[in-house]
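These notes are about the structure you will find just below.
Everything numeric in this text was worked out from a predicted model, so none of it was measured. Letters go in sequence order (proteins before strands), and every chain restarts at 1.
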There are 2 protein chains.
Amino acid sequence: MTKITSCEVDTALELITGKWKHSILLVLINGDTLRFSELKRALPKISQKILTAQLRDLEEQDIVIRTVYPEVPPRVDYRLSEYGKTLIPILEAMNEWGMRHAERMRSN
Amino acid sequence: MTKITSCEVDTALELITGKWKHSILLVLINGDTLRFSELKRALPKISQKILTAQLRDLEEQDIVIRTVYPEVPPRVDYRLSEYGKTLIPILEAMNEWGMRHAERMRSN
DNA sequence: CCGTATCCATGGCGATACTG
DNA sequence: CAGTATCGCCATGGATACGG
């Protein structure tokens, strides 16, 4: 077994933390390819500025693919890269753990 | 398959985010039962105040067990609860992912 | 030894307005 | 439609000093 190091965990953690990043990822997991406005609609409480910033971060890490269509009015869409999909098991593990945790806290 | 929800992922995420929480968990995973001073030594860059605060958080969530010995000088030790150990798979998954990500970024 | 108390810095987040 | 530009808040983190 490989020893878990703080540094490597950090790497993964940075990608999904930030108040919104994991929510964005989940929307993309469930929704396939989405336009900016669709993402915005799926996450009503995030401001445009933050949404843009987080998407740019994810793009820079090759997690998300951003496609710009040279049209008027502009069209841009976003989807998970194949690489980004490798994060799904982590999100699934956290989801399952979170459900059990909620239940545990409820039954106190 | 259960749909992953942002809310449940959030629950898990909150427990291991914060600049130091996951590092503390890793030290406890590898080190079993540790005194406060040992944790402090293992994480030289964290301030006493923050270390205390994060440990209290983890205790409150039943992730970590804090034991106070009524001695002079005081002795307090910390260990992962059985419940806390259920987080290990998540940390392992993130660790593995982080290693591959680092390698990927290196080979650009 | 294991904390609390105080005070301060920083940067992530956000509201709002504007633009190609 | 899909973004920048500005400005400001405040929560998290941190340095330092003190206390049981």
- Message: Below 4.0 angstrom, which residues in residues 50-60 of chain A have at least one non-hydrogen atom near DNA chain D?
- Response: A:Thr52, A:Arg56
- Query: Would you say B:Met94 and A:Ile29 are hydrophobically clustered, going by side-chain heavy atoms of ILVMFWY under 4.5 Å?
  - Reply: yes
- Query: Is any side-chain nitrogen or oxygen of B:Tyr78 closer than 4.0 Å to OP1 or OP2 of C:dC2?
  - Reply: no
- Side-chain touch B:Gln48/B:Leu51, heavy atoms, less than 4.5 angstrom: no
- End-to-end bend of the helix from C:dC1-D:dG20 to C:dG20-D:dC1 (five-pair axes, 10° rounding)? 50°
- Run the salt bridge (Lys or Arg N to Asp or Glu O under 4.0 Å) check on A:Arg100 and A:Glu103 step by step: do they pass? CA-CA 5 Å; A:Arg100 284 205 241 95; A:Glu103 198 161 332; over 6 Å; no
- Query: B:Lys3 versus A:Asn30: any side-chain heavy-atom pair under 4.5 Å?
  - Reply: yes
- Task: Classify the nucleic acid contact of A:Tyr69 as base, sugar-phosphate or nothing, counting any heavy atom under 4.0 Å across all strands shown.
- Result: nothing
Pair up each side-chain donor or acceptor in residues 36-46 of chain B with any protein partner under 3.5 Å, not counting sequence neighbours, and list the distances.
residue	atom	partner	partner atom	Å
B:Glu38	OE1	B:Arg35	N	2.6
B:Lys40	NZ	B:Pro44	O	3.4
B:Lys40	NZ	B:Ile46	O	2.9

- Message: With clusters defined by side-chain heavy atoms of hydrophobic residues (ILVMFWY) lying less than 4.5 Å apart, directly or transitively, does B:Ile63 cluster with A:Met105?
- Response: no
- Query: Could you walk me through whether A:Leu26 and A:Leu91 pass the side-chain contact (heavy atoms from CB on, under 4.5 Å) check?
  - Reply: CA-CA 8 Å; A:Leu26 294 181; A:Leu91 292 166; 4.1 Å; yes
- Query: What closest approach, in Å, do A:Asn95 and B:Thr5 show between heavy atoms, and which atom pair accounts for it?
  - Reply: OD1-N, 3.2 Å
- Message: With ring-ring contact (aromatic ring centres under 6.0 Å, His included) as the rule and sequence neighbours excluded, what pairs involving residues 78-108 of chain B come up?
- Response: A:Tyr83-B:Trp97, A:Tyr83-B:His101, A:Trp97-B:Tyr83, A:His101-B:Tyr83, B:Trp97-B:His101
- Residues touching DNA chain C, which here means a heavy atom under 4.0 Å, drawn from residues 17-44 of chain B: B:Arg35, B:Phe36, B:Ser37
- Query: Can you tell if the side chain of A:Ile65 reaches within under 4.5 Å of the side chain of A:Thr33, non-hydrogen atoms only?
  - Reply: no
Please produce a list of atom pairs where a protein N or O lies less than 3.5 Å from an N or O of nucleotides 15-20 of chain C.
none

- Message: I'd like to know if the side chain of B:Ser81 reaches the main chain of B:Asp62, judged simply by a donor and an acceptor atom lying under 3.5 Å from each other, with no hydrogens or angles considered.
- Response: yes
- Task: Could you give me the CA-CA distance, side-chain angles and deciding distance for B:Lys21 and B:Asp57, then say whether salt bridge (Lys or Arg N to Asp or Glu O under 4.0 Å) is met?
- Result: CA-CA 9 Å; B:Lys21 228 166 265 178; B:Asp57 280 2; 3.1 Å; yes
- Message: Any carboxylate oxygen within less than 4.0 angstrom of a Lys/Arg side-chain nitrogen, looking at A:Glu60 and A:Arg56?
- Response: no
